[in-house]
Structures are given as structure tokens and as C-alpha cells.
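Worksheet for the structure shown next.
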Amino acid sequence: MSAMHEELALLLQAMPDERRITVAGRQFWQGHWQGQPVVAVLSRIGKVAAATSATALIERFGVGRIVFTGVAGGIGPGVRVGDVVLADAFVQHDMDASPLFPRHEVPLYGCSRFATDPVLNARLAWAAQQVLARVALHLGPAAVAEFALDAPRLHTGLVASGDRFVSTAAECRALQQALPDALAVEMEGAAVAQVCADYGIPFAALRTISDRADDDAHADFSRFIREVASRYSLAMLSMWLTQQP
Ligand code: ADE
């Protein structure tokens, strides 16, 4: 699952037999990749679009697990552009039904955080480490130089989702204060995590850091996805799928 076309384009090229199906106004590509049955979906941006897409994947396509790849803004200390964050849990940073419920708690679920699947996470972490150890091989030396990628790292931890593109230093600081352990911010993951928890479907998410969620956050966004994030995702997912039992 990805939110933007640029994030999914390389993966679709790699699926030899994919068939495009439209459900709920969005496109799904059903086929095989690395010998595994796969459904790819372009969710579009935001929590509701992501929740609809995840529900369709489960209800209409019967998928047994969901992996989200895309980009995120880095808000944790030392989480730099070009690093990758593997979410071990998600929170909706814009969920606030206080004073009825504590801030961030999803009403009537009794929790604010939804964990991702530890088995998927262990395998994806391994795949991500393999790719990050050889970035020049996967991106080409020109992209490494252009985006000043310097020994990019994998971080594992909390990711915050909300229906806002965070692009001011002030908003970033407010998020850091409200959720001091959050590593990154994006716009879909917590919604998919909640849908997957509802259905009991294992879920994982890998996000490449495209910006620091500050006043420079919009710079060269599409180009970064094309040249860096989509290539990381392709290499990491391919490495992970080839290791499937
Ligand atoms: N995805 C990538 N960068 C982001 C940001 N700064 N805010 C929200 N979602 C993002």
C-alpha cells in the first residue's frame, strides 16, 4: 500500500502479470511479485482514504497481511532525511476527544497506540538493513550525492499520523512536545493500523524520511520520492519477499 503514485510506480513495473481493478474509486493491481501473490493499492493521501483502501484490501481481496511504504517527516532526534523508519506502533496525533477521553485515545477502544506486527517487523528490518548497507547500489551514486545521503540508518519506534502535512518548525515542535517518543509524522499509518487491528490482520509500515517536518518540508518532495524513497521501497520489499517461507 502507498499513498502516492510516485511511491508505487516502480513496484508496479516489477509485477509482470498485474491486473488493474477499480474498487471504491481507487485502483488496485492484483498479480505476483517474486513468486508471491500481491495486491498493490494507491490509497491516496490521508487517514480516511487509507482506511477505505485497507478495508477493501481485506474485504474484497482477502489479503492476509498489509505493508505500507512511503515517506514521512522526521521529528525524532537524529532521524535524518534519507533514513528509514520502521513503525513499531502508530498514534493519531490529531485525535483529541478530551475531556471525554484522554488526548490521543481513540474513543471506545481504550488505547491511543496500535502496535504493528512483530514478525513482519523483524523480517522488514532485516531487509531494510541490507538495502541501507548498500545505498549507492540501489539508488545510484548520483542520487546519493544529490540528496547528500550519508550512512542512512534504520530507526524503529512510534510514528504519528494525522490529516496535516507538517511544514512549519512551530508545528513540529508542538508535535515533539505532545509525543516525545515519536520518530516520524505522516498521514495514513495509524488509520491502517486501526483497521488491521479491527480485522486481526498483521500490519507493518516502512517510511523513508523525506523532510524534517519544518519550514523546508515541501522542497523537492516528488523528486525525492522518485529518486530515493520509491527505490528504497522496491529494494526492501523485494528483499523481504524473496525471503518468504
Ligand atoms: N509525509 C512526508 N513528510 C510529511 C510531513 N512533513 N508531514 C506529514 N506527512 C508527511
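Remember, it's 1-based here, ligands and their atoms both numbered in the order they're listed.
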Without placing hydrogens or testing angles, list every side-chain donor-acceptor pair under 3.5 Å for residues 95-104, not counting sequence neighbours.
unit_1	atom_1	unit_2	atom_2	d
Asp96	OD1	Ser98	N	3.1
Asp96	OD1	Ser98	OG	2.5

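Within the 3.5 Å criterion, the main-chain N or O of Ile209 finds no donor-acceptor partner in the side chain of Asp83.
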task = Evaluate side-chain hydrogen bond (donor to acceptor under 3.5 Å, both in side chains) for Asn121 paired with Thr116, printing each intermediate quantity in order.
result = CA-CA 7 Å; Asn121 286 345; Thr116 52; 2.8 Å; yes

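Around ligand 1 you find Val71, Ala72, Gly73, Arg164, Phe165, Val166, Val185, Glu186, Met187, Ser210, Asp211, Ala213, Phe221, each with a heavy-atom distance below 4.0 Å.
Within 6.0 Å of NE2 on His5 lie no more than 12 heavy atoms contributed by other residues, nucleotides or ligands.
With sequence neighbours excluded, no residue forms a ring-ring contact (aromatic ring centres under 6.0 Å, His included) with Tyr199.
Evaluation of the side chain to side chain donor-acceptor pair (under 3.5 Å) test over residues 134-153, restricted to residues two or more places apart or in two chains, returns Glu146-Arg223.
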